[in-house]
*Asks:* 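Please read through the structure below; I'll follow up with questions.
If you read the sequence from its start, that first residue is 1, and numbering goes on from there.
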Amino acid sequence: MSALKVPLVAGQQRGKAKKVKVDKMLALLPAKSEQADMNSIGLNDQNHPVDNIVEGGNDIVALETEINATPISMSGKRKRRSVVWGYFELLPSGKDERQRCKCRNCGTSYLYDSKFGTGNMKRHLVNCLKRVACDTGPLLLTQFDSSIPSPAPKFDHVKFKDLLTEAVILHDLPFQFVEWEGIRSLLLQLHSNLQLGNRNTVGVDCIEIHRREKAKVQILLEETPSRVSFTYDLWSSLTSDVYICLTAHFIDKDWNLQKKILNFCFMPPPCGDIYIAEKIYNFLIEWGLDKRVSTFTVNGANAAPIELLKDQLNAYKGLLCEGAFFHLDCCAHVIDLIVREGLKEIEYAIKKVRESIKYVKSSPARKQKFLECVNHSSLEDKRGLKQDVSTWWSSTFIMLKNAIYYRRAFLHLELIDSNYKECPSNSDWDKIEKIEKLLSVFHEISSLFSNAKYTTANLYFPVVFSAYLTFREEMGSDDEYLRSMATLLFSKFERYWSDFHILLVIAVILDPRYKFSFVEWCYKKLYDDAGVIESMKVREKLFSLFSEYISTNKLLPGPKTSSTSDAAIYDGSQGNFKASENSFSKENTDVFREFDSFESEEAISQKSQLELYLDEPRLDRKSRLDILAYWRGNQFRYPEVAAMARDILSIPVSTITMDNAFDANGRVLDQYYSALKPDILEAFICTRDWFYGENDMTRGTLEDLTKNILELNDDDRMELPECSNSGNIHC
C-alpha cells in the first residue's frame with residue numbers, strides 16, 4: 001500500500017466509525033410513528049454531503065443534500081430503521097414525481113429519493129426550532145458526539161427589555177443604570193447580542209409599559225360595581241415645579257380593597273384653586289369616574305378646590321345626597337398638628353434625651369458603662385434604646401417611651417461618669433412621662449393607618465372615641481401640669497371632633513361587632529342624656545344615606561304573588577262562580593277597599609334590609625373579623641346594605657400612608673425625579689404603584705432608621721441615615 005493511500009484509508013475508517021456511533025445513539029431513541037416499508041438508504045463514507053435550499057414549509061427554509069457519488073443499488077426493500085423517521089413523515093409525490101418528507105414539528109420538507117439519505121434530516125433534528133421539550137434525541141446526540149452542534153435557545157429581546165425596565169421601576173433605579181459600565185459588562189457577558197439601549201430608551205419603554213398597564217387598570221375600574229373614593233395631594237420638585245397626584249380607593253368586584261395612583265401630572269402656573277379643581281375634574285372624565293365619585297379626603301390646605309369640584313359634580317347629579325358626605329378632612333394632618341403642639345412644650349427635655357442617647361452610643365466603653373447602670377438598676381436591656389428621626393414625631397415618641405424606662409439608669413450614669421452632662425432633671429423626666437401618656441393615644445391612631453397596608457374605615461371611630469374620652473378624663477386630673485396639657489391639646493382636638501365626619505361613624509355601624517348599639521353607648525358615655533339626641537342624628541343620617549341605595553323593589557324578596565290562574569275567579573264543571581267587585585253592594589265594596597288599604601300599609605311597614613341587619617345579634621367584639629369577607633358572604637342576604645358597605649368601607653381616613661405618615665418635611669421630589677420629563681415621571685410613578693403598591697422594595701421603614709443602640713456591635717457603629725427631604729411617592 002502506498003504512502004498516499006494509508007491516510008485515505010485511515011480517514012475512511014474514522015468516518016465509518018463516527019457514522020456507526022451516531023447511528024447507535026439514534027437507535028436508542030424510540031420511533032414516534034409506525035415503521036414504513038421503504039428502503040433506508042445509507043451513505044458512502046467517502047461522500048461529503050452538501051446542503052442546498054430547495055423549498056420551505058411554514059416559513060422555514062428547507063434543505064437538499066446532494067450526493068456526489070452514485071447511489072448504492074438495493075436488490076430488495078427493507079424497513080426504515082433510522083430514528084429520524086419518528087420525527088418525519090412521507091409526503092405524496094409532487095408533480096415532478098419526486099418523493100419528499102416533512103418534519104412533524106415545524107413542517108420543513110426535504111427531498112427523499114433513492115439518491116438521498118437521512119443526514120440532512122439528522123441535522124435538522126438537532127436544530128429544529130419547534131421541537132417539543134420532551135424530545136431527547138438531540139440531547140443524546142450532543143452528549144455522545146460533541147461534533148454535533150447543540151441548539152441554543154432563542155433569546156427573547158422583547159421580554160428582556162420589559163424585565164429590565166420593570167427592574168428599574170421596582171428598585172427605583174436611575175435611568176442611566178443601563179449605561180453603567182459594570183452593569184453593561186455583566187449583562188453582555190450573559191448574552192453578547194443584548195440590546196441594552198440608554199437612558200432615553202428606558203424612558204420610552206417605561207411610557208409603553210404605563211400605556212399597557214393603564215388599560216388594565218381601566219378595565220379593573222369598569223368592572224368595579226362600587227363608587228370610588230379619592231385623595232389628592234400636591235408635590236413639588238427641586239426646581240419648584242408643582243405636580244398633582246390623584247389616588248383612587250375602592251373595593252373591587254371580588255371584595256378586595258384597592259389603592260391605585262391614577263395620575264401624577266405637572267401643574268403649570270398659576271396653580272390656583274380653580275385650576276386644580278378643573279384638573280381633577282378632567283382626570284375623573286378621563287377615567288370615566290365623574291358619575292361614580294364617593295368622597296374626597298384632603299388636608300385643610302387643599303380643601304378649597306374640593307368645594308369647587310363638589311359644585312361641578314353636583315351640577316350633573318354625580319354625588320350621593322347632593323354631596324353631603326363628599327369632603328373628609330385628613331386625620332393624619334390633624335393629629336400631626338396636635339402632637340407637635342404637645343412636643344413643643346417639652347422641647348428642651350427632648351433635646352437632653354436625644355443627646356443622652358448619642359452619648360451612650362458614641363463608644364463601646366460608654367455603652368458598656370450604661371449597660372452596667374442598667375443592671376445596677378435592675379432593668380432589662382432587651383427593652384432597647386433608640387434614636388429618633390427629628391422630622392418623624394412617631395420616632396421621637398418611641399425614643400421618649402423607651403428612655404423613660406431607663407430613667408434610673410441615666411441618673412446613675414450621671415453619678416459615675418463625670419463626662420456625662422446632658423442628663424434630664426427629675427422635673428424633666430416627670431414632664432416627659434405625662435406628655436407621653438397623652439400622646440400615646442395619637443400614636444395608636446397614627447399607627448392604625450400607617451403600619452397596615454390598607455385599612456377599612458370601620459377601624460377608625462373606636463380609636464378616635466378612645467382618644468377623646470382619655471382627654472376628657474385627664475382634664476379632671478389632680479396633677480396641675482397634666483391637667484393644663486390635657487386642656488391645651490383637647491381644645492385643638494375638640495375642633496376636629498366637632499367636625500368628625502359622620503361617614504366614619506356609619507362605617508363602624510357596618511361592622512357586625514359594633515353596629516348601632518356601640519354608637520349609642522359612645523355618645524351616652526360622652527354626653528350623658530344628650531347622647532340620645534346625638535345618636536338619633538347619626539341614625540337619621542344613616543337611613544338618609546341608605547335610601548340612596550334602595551332599589552326599585554323596596555322590600556326583601558318574599559313569596560311570589562298569586563298569578564292570574566290563582567285569582568279568585570273559578571269556573572267549575574258543576575257550575576259557574578265568579579267573585580268580583582260587582583258581586584257586592586256599594587257599601588260592602590267600600591268596606592273591602594278599606595281592607596285593601598290596610599294590607600298596603602302593612603306591606604310598607606315591613607322592615608328594610610338595614611333594619612334587619614341592625615336587629616341581628618352582634619358578633620363577639622374581640623373576634624378577629626375580616627369585614628370584607630363578611631360582606632362578601634352576606635351580599636346576597638342584604639344586597640342594598642352590602643352596596644352601601646362597599647362604598648363606605650373603602651373611604652380613606654388619611655392622605656398619608658406608611659412611609660410618610662410621620663414626616664414633617666412635606667412632599668418634595670428628589671433629584672432623580674426632578675430631572676425626569678413630566679410624562680416619563682407620571683409613567684414611572686403610576687406604573688410602580690400598579691405593579692408593586694405597598695410592596696415597594698425601596699420604601700424605608702421606621703425600624704430601619706431607628707435601631708436599638710444597645711444591640712449594635714462595635715463593627716456596626718455608624719451614623720444612622722438622616723431623613724431625606726424627599727419621600728417615596730405613595731399617596
Side-chain angles (χ1 to χ4, degrees), residues 219-230 248-260 289 291-295 297 318-321 324-326 328 452-462 501-519 538-559 604 606-621 623-653:
I219 295 174
L220 176 64
L221 289 169
E222 291 174 355
E223 294 177 346
T224 298
S226 66
R227 287 180 174 264
V228 181
S229 296
F230 294 92
H249 304 257
F250 58 95
I251 296 175
D252 62 22
K253 63 179 182 179
D254 297 322
W255 286 88
N256 297 315
L257 190 59
Q258 300 280 356
K259 180 193 78 72
K260 302 291 183 183
L289 300 174
K291 300 294 180 61
R292 297 173 53 195
V293 178
S294 177
T295 62
T297 302
L319 300 177
L320 289 172
C321 299
F325 307 102
F326 180 66
L328 281 78
K453 181 179 179 180
Y454 304 127
T455 56
T456 48
N458 61 299
L459 302 176
Y460 189 61
F461 179 73
H501 206 281
I502 194 67
L503 278 182
L504 300 180
V505 184
I506 294 176
V508 79
I509 297 175
L510 295 173
D511 189 330
R513 297 169 296 181
Y514 295 99
K515 296 192 175 182
F516 190 74
S517 56
F518 178 74
V519 177
V538 174
R539 188 179 184 88
E540 180 182 350
K541 293 286 187 180
L542 171 64
F543 279 86
S544 174
L545 178 62
F546 177 68
S547 64
E548 297 279 338
Y549 292 88
I550 296 179
S551 59
T552 305
N553 182 14
K554 297 186 178 181
L555 301 179
L556 287 174
I604 293 176
Q606 291 186 31
K607 292 185 177 180
S608 65
Q609 293 181 17
L610 180 58
E611 290 173 315
L612 290 175
Y613 161 73
L614 295 176
D615 289 344
E616 279 191 347
R618 291 186 296 107
L619 301 181
D620 184 7
R621 183 188 60 83
S623 63
R624 298 178 61 86
L625 174 70
D626 183 347
I627 191 169
L628 296 182
Y630 171 84
W631 282 111
R632 181 173 62 245
N634 288 274
Q635 60 181 319
F636 300 108
R637 292 181 61 203
Y638 309 118
E640 295 159 359
V641 184
M644 182 171 67
R646 191 194 290 266
D647 289 349
I648 293 178
L649 293 177
S650 63
I651 295 175
V653 298

*Asks:* What's the spacing between Phe325 CZ and Leu320 CG if we round to 0.5 Å?
*Replies:*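 Between Phe325 CZ and Leu320 CG, I get 8.0 Å after rounding to 0.5 Å.
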
*Asks:* With a 4.5 Å heavy-atom cut-off, do Val228 and Val293 have their side chains touching?
*Replies:* no

*Asks:* Roughly how far, to the nearest 0.5 Å, is CG of Leu510 from OH of Tyr630?
*Replies:* 9.5 Å

*Asks:* Strictly below 4.0 Å, N to O, side chains only: are Arg292 and Glu222 in salt-bridge contact?
*Replies:*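 No.
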
*Asks:* Start with the C-alpha distance between Leu459 and Val508, add both sets of side-chain angles, then the distance that settles side-chain contact (heavy atoms from CB on, under 4.5 Å), and finish with yes or no.
*Replies:* CA-CA 7 Å; Leu459 302 176; Val508 79; over 6 Å; no

*Asks:* Rounded to the nearest 0.5 Å, what's the gap from CG on Leu289 to OG1 on Thr224? Could you check?
*Replies:* 9.0 Å

*Asks:* Cation-pi between Arg646 and Trp255: NZ/CZ under 6.0 Å from ring centre and within 45° of the ring axis?
*Replies:* yes

*Asks:* Taking atom CZ of Phe543 and atom CD1 of Ile506, what is their separation to the nearest 0.5 Å?
*Replies:* 10.5 Å

*Asks:* Measure across Arg227 and Lys291 and return the closest heavy-atom pair with its distance rounded to 0.1 Å.
*Replies:* NH1-O, 3.7 Å

*Asks:* Measure up the Trp631 and Tyr613 rings against each other and bin them: parallel (under 30°), tilted (30 to 60°), perpendicular (over 60°).
*Replies:* tilted

*Asks:* Who passes side-chain hydrogen bond (donor to acceptor under 3.5 Å, both in side chains) against Ser544, sequence neighbours left out?
*Replies:*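 With neighbours one apart ignored, the set is empty.
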
*Asks:* Could you check whether any side-chain heavy atom of Val641 comes within less than 4.5 Å of a side-chain heavy atom of Leu612, counting everything from C-beta outward?
*Replies:* no

*Asks:* How about Leu545 and Ile648: do any of their side-chain heavy atoms sit closer than 4.5 Å?
*Replies:* yes

*Asks:* Where do Ser608 and Glu611 come nearest, in terms of heavy atoms and distance?
*Replies:*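 Looking at all heavy atoms of both residues, the closest pair is N-OE1, 2.9 Å.
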
*Asks:* A side-chain contact here means heavy atoms from C-beta on lying under 4.5 Å apart; do Thr456 and Leu257 qualify?
*Replies:*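 Side-chain contact under 4.5 Å: yes.
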
*Asks:* Run the numbers on Asn256 and Ile251 for side-chain contact (heavy atoms from CB on, under 4.5 Å), then give the verdict.
*Replies:* CA-CA 5 Å; Asn256 297 315; Ile251 296 175; over 6 Å; no

*Asks:* Can you list the steps and then say if Arg637 with Glu616 is a side-chain contact (heavy atoms from CB on, under 4.5 Å)?
*Replies:* CA-CA 12 Å; Arg637 292 181 61 203; Glu616 279 191 347; 2.3 Å; yes

*Asks:* About how many Å separate CG of Asn458 and CD1 of Ile509, when rounded to the nearest 0.5 Å?
*Replies:*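 The CG atom of Asn458 is 12.0 Å from CD1 of Ile509, to the nearest 0.5 Å.
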
*Asks:* Start with the C-alpha distance between Phe250 and Lys260, add both sets of side-chain angles, then the distance that settles side-chain contact (heavy atoms from CB on, under 4.5 Å), and finish with yes or no.
*Replies:* CA-CA 9 Å; Phe250 58 95; Lys260 302 291 183 183; 4.1 Å; yes

*Asks:* Does the side chain of Pro462 reach to within under 4.5 Å of the side chain of Phe518, using non-hydrogen atoms?
*Replies:* yes

*Asks:* Write down the atom of Pro652, the atom of His249, and the distance for their closest heavy-atom approach.
*Replies:*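 What the structure gives for the nearest pair is CG-CD2, 3.7 Å.
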
*Asks:* Which pairs, with at least one residue in residues 501-516 and sequence neighbours excluded, count as a salt bridge (charged side-chain N to carboxylate O under 4.0 Å, His left out)?
*Replies:* Asp511-Arg513

*Asks:* Determine the minimum heavy-atom distance between Tyr514 and Arg618, stating which atoms define it.
*Replies:*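 Answer, listing the atom of Tyr514 first, then Arg618: O-CD, 3.0 Å.
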
*Asks:* Nearest 0.5 Å, please: how far is CG in Leu610 from CD in Glu640?
*Replies:* 10.0 Å

*Asks:* Taking all non-hydrogen atoms of both residues, which atom of Asp647 and which atom of Ser229 are closest, and how far apart?
*Replies:* O-OG, 4.3 Å

*Asks:* Compute both the distance and the angle, then confirm whether Arg539 meets the cation-pi test with Phe516: under 6.0 Å from the six-membered ring centre, within 45 degrees of the axis.
*Replies:*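 Judged by the rule (NZ or CZ under 6.0 Å from the ring centre, within 45° of its axis), Arg539 counts as positioned above Phe516.
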
*Asks:* Please check this pair: side chain of Glu223 against backbone of Leu220, looking for a donor-acceptor N/O pair closer than 3.5 Å.
*Replies:*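 Judged by distance alone, no pair lies under 3.5 Å.
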
*Asks:* How close do Ile651 and Ala457 get, counting heavy atoms only, and between which atoms?
*Replies:*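 Ile651 and Ala457 have their closest heavy atoms at O-CB, 3.7 Å.
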
